[in-house]
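Notes follow the structure.
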Amino acid sequence: MSEDTYQSPFLREASARGFIYQGTHLDKLDILLSTQKIAAYIGFDPTADSLHVGNLVQIMWLRMLQKHGHTPIILVGGGTGRVGDPSGKDAQRQMMTDDTIAHNIAGIKKTLEQFIDFSPHSINPAILVDNNAWLAPINYLDFLREYGTHFTINRMLTFDSVKTRLERETPLTFLEFNYMLLQGYDFEQLFLSHNCVLELGGSDQWGNIICGVELIRRRQNKQVFGLTSPLVTTSSGAKMGKSAHGAVWLTHQKYAIFDFWQYWRNTDDADVGRFLRMFTDLPLTEIENLEKYKDAEINQAKIVLANAMTALCHGELAAIEAQRAAESHYSTAGQSVFRGLPVLRLDMTLVGEGISGTSLLVCLGLCASKGEARRLIAGGGVRINNIPLADAEALLFQEECPSEGWKISLGKKRHYHVVSA
């Protein structure tokens, strides 16, 4: 269905921006959304203490839902996170401790607050719930008797999340196989406690969402709905949210703001229009004009994308500073080599009698480990004051650091100004 087919403003915009892939009874859902305000939810498992660019489709969906007057519910899987969702995965997830799960949930909420309004003073504030509240007290035998009869192995084996693992002959534990039952149970609990009638998710969640829709129909004799978005990849087929340096996180503590801006600025020409539609709040009429840009002119559209995304995630000032840093770095007007570069502060007492290149990169947070730093240096990817760092273990001394600091470059596009703390 095209956006012109829908009556509800939410579905019209979601369709126009490319969010809709599959849905249950879309005609009835459209009528419901046109006539009343509803509550809808998306689930996030607390596998890390931040969300990343790969989660942006779901985040922007929640943002759009709230903009159109509906109530977004964010379900964090404090309970299901102890199991692990097999959807879209080739291997079993590692188990997490309770402390790790609690830490990650707090980080996820902090990330979401950058995009969604949780303020109780809002007309339709977002709600965050943890499914451990109802999953932890479950009596296993009672749960199987009450809910196990509503799920058949025959049907569960037809879902892609299970079929893929079986076809690739990768282990699928019974623990993970239970995830469908638990996610269906989540939907029912939210329906009963918050009158939640819609579950949103990525296309890999279709099977799990259908289980919840059918469970509520059978147990509560009520109709609820499911809606999925397409799997978003780059034009090269790469998974969204990955860079040469790993996941593109949405918190500056895990991914530098300058690098975040550059990630969007380096978008492939073929992806610019699609990403503007899905990941920004820019009016569709403005995006349609930007989509007409060709050849060198399209770089202007990429800058618009980078600024919009950085402002949305980190604030307007951060976007301005990131663009300024990029323009200063690539300018040939004889300006200082440090002008506009992200500043990193280094405690020079750590340098002591010398510090190796690997230790320096780890201390500055530019590499997660000495092994990663060593590989980067060995590949010729590190320069200090524009001089390639050839020996990973060669010592750098404090007296070798000019008064204005070091310029450290990782590859061609990541540049930093290192000064004494």
Side-chain angles (χ1 to χ4, degrees), residues 47-50 52-54 91 94 100 107 234 236 238-239 241-267 306 314 321-322 325-326 328-332 335-421:
T47 53
D49 61 359
S50 172
H52 53 74
V53 166
Q94 296 297 311
T100 299
T234 64
S236 65
K239 191 173 182 181
K242 296 289 184 180
S243 72
H245 310 288
V248 181
W249 299 99
L250 300 179
T251 50
H252 67 86
Q253 294 91 343
K254 295 173 77 73
Y255 201 83
I257 294 174
F258 181 76
D259 293 340
F260 185 82
W261 190 92
Q262 286 287 354
Y263 173 82
W264 296 103
R265 170 61 181 82
N266 294 332
T267 296
H314 299 294
E321 291 178 345
S328 298
H329 174 70
Y330 293 109
S331 170
T332 57
Q335 300 165 342
S336 166
V337 295
F338 298 114
R339 182 176 175 184
L341 293 185
V343 174
L344 299 178
R345 300 189 180 278
L346 177 66
D347 182 354
M348 284 299 175
T349 61
L350 297 174
V351 176
E353 298 181 356
I355 186 170
S356 68
T358 54
S359 296
L360 178 65
L361 295 181
V362 172
C363 285
L364 293 171
L366 298 177
C367 289
S369 67
K370 288 187 177 181
E372 179 187 343
R374 199 173 290 114
R375 288 189 294 272
L376 192 61
I377 293 169
V382 180
R383 298 187 308 283
I384 296 181
N385 292 340
N386 296 324
I387 299 173
L389 183 61
D391 184 353
E393 301 308 321
L395 296 180
L396 303 167
F397 297 94
Q398 183 173 353
E399 54 267 27
E400 294 176 349
C401 180
S403 59
E404 66 269 27
W406 279 315
K407 176 186 175 184
I408 293 186
S409 302
L410 305 187
K412 296 180 179 180
K413 297 178 179 178
R414 300 176 68 197
H415 308 274
Y416 304 91
H417 182 192
V418 178
V419 300
S420 176

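- To the nearest 0.5 Å, atom CH2 of residue W249 and atom CG of residue D259 are 15.0 Å apart.
- Counting heavy atoms from C-beta outward, L389 and R383 have side chains that stay 4.5 Å or more apart.
- Atom-to-atom distance recorded for H314:NE2 and H252:NE2 is 8.0 Å, nearest 0.5 angstrom.
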Practice task
Any chance you could lay out the side-chain contact (heavy atoms from CB on, under 4.5 Å) test for W264 and V53, step after step, and finish with the verdict?
Solution key: CA-CA 10 Å; W264 296 103; V53 166; 3.9 Å; yes
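- Between V419 and R345 there is a side-chain heavy-atom pair separated by less than 4.5 Å.
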For residues 361-368, which side-chain N or O atoms pair as donor and acceptor with protein atoms under 3.5 Å away, sequence neighbours left out?
none

Exercise for the section: Applying side-chain contact (heavy atoms from CB on, under 4.5 Å), run through K407 and Y416 and close with a yes or a no. Expected result: CA-CA 6 Å; K407 176 186 175 184; Y416 304 91; over 6 Å; no
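- Atom CD of E393 is separated from atom CZ of R374 by 5.0 Å, given to the nearest 0.5 angstrom.
- Taking CD1 of I355 as the start and CG of L346 as the end, the distance is 6.0 Å to the nearest 0.5 Å.
- Two residues are said to be in side-chain contact when any heavy atoms from C-beta on lie closer than 4.5 Å; T251 and F260 fail this criterion.
- Heavy-atom contacts from other residues, nucleotides or ligands closer than 6.0 Å to NZ of K370 number 12 or fewer.
- Remark: Y263 OH to Y255 OH distance equals 8.0 Å, nearest 0.5 Å.
- For the side chain to side chain donor-acceptor pair (under 3.5 Å) test, residues two or more places apart in sequence or in another chain that qualify with T234 are S236.
- The structure places CG of L410 at 7.5 Å from CD1 of I408, a figure rounded to the nearest 0.5 Å.
- Contacts of T267 classified as side chain to side chain donor-acceptor pair (under 3.5 Å), with partners at least two apart in sequence or in another chain: none.
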